Amino acid sequence: MLGGTTEASALARLLAQAELRATLSYAGRTDNPRAQPVPIRVGGFGGVDGLAAYLRDHHITHLVDATHPFAATMSANAVEAARRAGVALIALSRPPWTAIAGDRWTSVPDLPAAIAALAGPPRRIMLALGRMHVDAFAAQPQHHYLLRFVDRPAAPPALPRHILVVDSGPFTVEEDVGLMQAHEIDLILCKNAGGSGAQAKLIAARTLGLPVMMIDRPALPQRMEVWRPDDVMAWLGHAADRGV
Ligand code: 3Y8
Ligand code: NAP
């Protein structure tokens with residue numbers, strides 16, 4: 001399994017219960033990734049060739065891509081490597097979030113569009129995007145940014161006005177309401193991750209009547225995709241309801 005999400009961890013528990021031989025793979029982006037009930041491996045594979053070789057060398061029969069919807073390179077590599085190695089592939093993802101009554105969403109197609117849309121007078125923005133892309137916001141230095149990272153970075157982010165919170169989710173609505181009020185946030189910027197682990201900030205924004213700028217997901221290649229860990233177990237031929 002290619003992991004790094006709440007759903008990946010839920011599936012790992014089912015695989016361990018069914019006593020299936022599985023390995024959960026992390027990219028190694030964070031210092032202390034969540035412990036898992038199955039063996040883990042950490043680090044890139046070395047592109048498509050590296051992943052195809054890994055699949056063959058470890059006699060992998062099924063590959064589950066349970067990475068985050070924005071891990072587009074990993075997902076594209078998984079489709080190509082599984083095809084080359086002749087390994088069955090399924091994606092375990094989650095439906096995109098959709099705005100409901102009370103939401104004040106503006107959708108943007110990608111990160112550059114989000115940064116361009118921030119042109120204008122200073123605002124107090126919660127950047128709930130993690131660490132990987134934060135330096136690009138130096139193009140809009142006029143804003144006060146509230147940043148939330150999983151790990152403390154070696155060097156402070158290159159934004160003149162920012163406050164950094166180090167915390168890994170899943171987050172609660174109460175926490176996120178408190179955070180937005182304490183920092184007088186007037187805009188939340190986030191990715192359309194879907195799932196439950198990052199949803200608290202959307203409910204908090206709705207509660208406080210705050211606008212959200214929502215970055216749409218990148219395009220992913222065509223592949224079999226399910227949204228429930230149990231559906232992966234059924235695909236593996238181990239319906240979880242048999243208690244295996
Ligand atoms: C390393 C593994 C689990 C998985 C939990 C989910 C929920 C909590 C919410 C906010 C948004 C963000 C970020 C986020 C969430 C879950 C899930 C999810 C968003 C860990 C993890 C790894 C990562 C990588 C990390 C990224 C960053 C993104 C923070 C583990 C904790 C912003 C995505 O510092 C960095 O370089 C962090 C990088 C990729 C995106 C970015 O651009 O910075 N996730 N997150 C995985 C690996 O090495 O392969 O430590 O447990 C996992 C989780 N993060 O098992 O409970 O299922 O999505 N992760 C986003 O959604 O926008 C935080 O702050 O509100
Ligand atoms: P990415 O941009 O699609 O992938 C970049 C490279 O990182 C891949 O080509 C691969 O390196 C390596 N990689 C990514 N995921 C991996 C995994 N699970 N196991 C082994 N190598 C992996 O991916 P990303 O956006 O950096 O995401 C990295 C990890 O964080 C993933 O596990 C993802 O599920 C998790 N995550 C990401 C986000 C997000 O917002 N992007 C949010 C939550 C969790 P090689 O080419 O060398 O094989």
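Here the structure is a predicted model, which means the values were calculated and not measured. Note that ligands are numbered from 1 as they come in the structure, with each ligand's atoms numbered from 1 the same way.
Counting protein heavy atoms under 4.0 angstrom from atom 30 (C) of ligand 1 gives one or more. Counting protein heavy atoms under 4.0 angstrom from atom 19 (C) of ligand 1 gives zero. At least one protein heavy atom sits closer than 4.0 Å to atom 3 (C) of ligand 1. Of the protein's heavy atoms, at least one falls inside 4.0 Å of atom 39 (C) of ligand 1. Atom 49 (O) of ligand 1 is approached by the protein to below 4.0 angstrom, counting heavy atoms only. For atom 35 (C) of ligand 1, a protein non-hydrogen atom is found at a distance below 4.0 Å. Protein non-hydrogen atoms do not reach within 4.0 Å of atom 12 (C) of ligand 1. By the definition of a contact as any protein heavy atom under 4.0 Å away, atom 48 (O) of ligand 2 is in contact.
When only non-hydrogen protein atoms are considered, atom 47 (C) of ligand 1 lies nearest to A27 N, 3.2 Å. At the shortest separation from atom 63 (C) of ligand 1 among protein heavy atoms lies F171 CE1, 4.1 Å. Residue, atom and distance of the protein heavy atom nearest to atom 64 (O) of ligand 1 are R148 NE, 2.9 Å. Remark: minimum distance from atom 27 (O) of ligand 2 to any protein heavy atom is reached at A71 CB, 3.9 Å. The nearest heavy-atom contact from the protein to atom 1 (C) of ligand 1 is T30 OG1, 3.5 Å. Looking from atom 9 (C) of ligand 1 to the surrounding protein, the closest heavy atom is A198 CB, 3.5 Å. Of the protein's non-hydrogen atoms, G4 O, 3.8 Å is the one closest to atom 53 (C) of ligand 1. Counting protein heavy atoms only, atom 21 (N) of ligand 2 is closest to G43 O, 3.4 Å. Residue, atom and distance of the protein heavy atom nearest to atom 58 (O) of ligand 1 are R94 NH2, 2.8 Å. For atom 35 (C) of ligand 2, the closest heavy atom belonging to the protein is G4 O, 3.8 Å. Looking from atom 41 (C) of ligand 1 to the surrounding protein, the closest heavy atom is L129 O, 3.0 Å.
In terms of polar-atom proximity, defined here as any N/O pair under 3.5 Å, T5 makes no such contact with ligand 2.
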* Asked: Could you walk me through whether L179 and F171 pass the side-chain contact (heavy atoms from CB on, under 4.5 Å) check?
  -> CA-CA 11 Å; L179 200 58; F171 306 102; over 6 Å; no
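Salt-bridge check for D151 with R29: failed, with every basic side-chain N at 4.0 Å or more from each acidic carboxylate O.
Listed by number with element, the atoms of ligand 2 under 4.0 Å from a non-hydrogen atom of R41 are 20 (C). Using a 4.0 Å cut-off to heavy atoms of K191, the atoms of ligand 1 that qualify are 40 (C), 41 (C), 42 (O), 62 (O). Applying the 4.0 Å criterion to heavy atoms of M132 picks out, from ligand 2, the atoms 25 (O), 26 (O), 41 (N). Near S25, the atoms of ligand 2 lying under 4.0 angstrom from a non-hydrogen atom of the residue are 17 (C), 18 (N), 19 (N), 20 (C). Within ligand 2, counting atoms from 1 as listed, the ones closer than 4.0 Å to a heavy atom of N77 are 9 (O), 46 (O). Every atom of ligand 2 with a heavy atom of G44 under 4.0 Å away is listed here by number and element: 11 (O), 21 (N), 45 (P), 47 (O), 48 (O). Near G3, with a cut-off below 4.0 Å to any heavy atom, the atoms of ligand 2 are 18 (N), 31 (C), 32 (O), 33 (C), 34 (O).
With a 4.0 Å heavy-atom cut-off, ligand 1 is reached by the backbone of R34 and by its side chain too. Under 4.0 angstrom from ligand 2, there are no non-hydrogen atoms of L129. At a heavy-atom distance under 4.0 Å, only backbone atoms of A72 (N, CA, C or O) approach ligand 2.
R217 places a side-chain N or O within donor-acceptor distance of the main-chain N or O of N192, the cut-off being under 3.5 Å. Counting only distance, with no hydrogens or angles, the side chain of H58 and the backbone of I60 share no donor-acceptor pair below 3.5 Å.
Around atom 16 (C) of ligand 1, the closest heavy atom drawn from I188, L2, T67, T6 belongs to T6. Distances from atom 38 (C) of ligand 2 to the heavy atoms of H133, K191, H68 put H68 nearest. Of the candidates P33, G169, A193, A27, A27 brings a heavy atom nearest to atom 7 (O) of ligand 2. Nearest to atom 26 (O) of ligand 2 by heavy atom, out of R29, M74, E7, is R29. If you check each of R131, Q199, E7, H68 against atom 33 (C) of ligand 1, the one with the closest non-hydrogen atom is H68. Closest heavy-atom approach to atom 55 (O) of ligand 1 within the set A193, S25, S9: this belongs to S9.
Partner of I125 under the side-chain contact (heavy atoms from CB on, under 4.5 Å) criterion, out of L146, I185, L118: L118 alone.
The minimum heavy-atom distance between V108 and A113, with the atom names listed, is CB-CB, 4.2 Å.
Residue contacts with ligand 1 leave out F149, since none of its heavy atoms falls under 4.0 Å from the ligand. For the ligand labelled ligand 1, residue V150 lies inside the 4.0 Å heavy-atom shell. At least one heavy atom of G47 sits less than 4.0 Å from an atom of ligand 2. Residue contacts with ligand 1 include G28, since one or more of its heavy atoms lies under 4.0 Å from the ligand. Look at S75 and you'll find every heavy atom at least 4.0 Å from all atoms of ligand 2.
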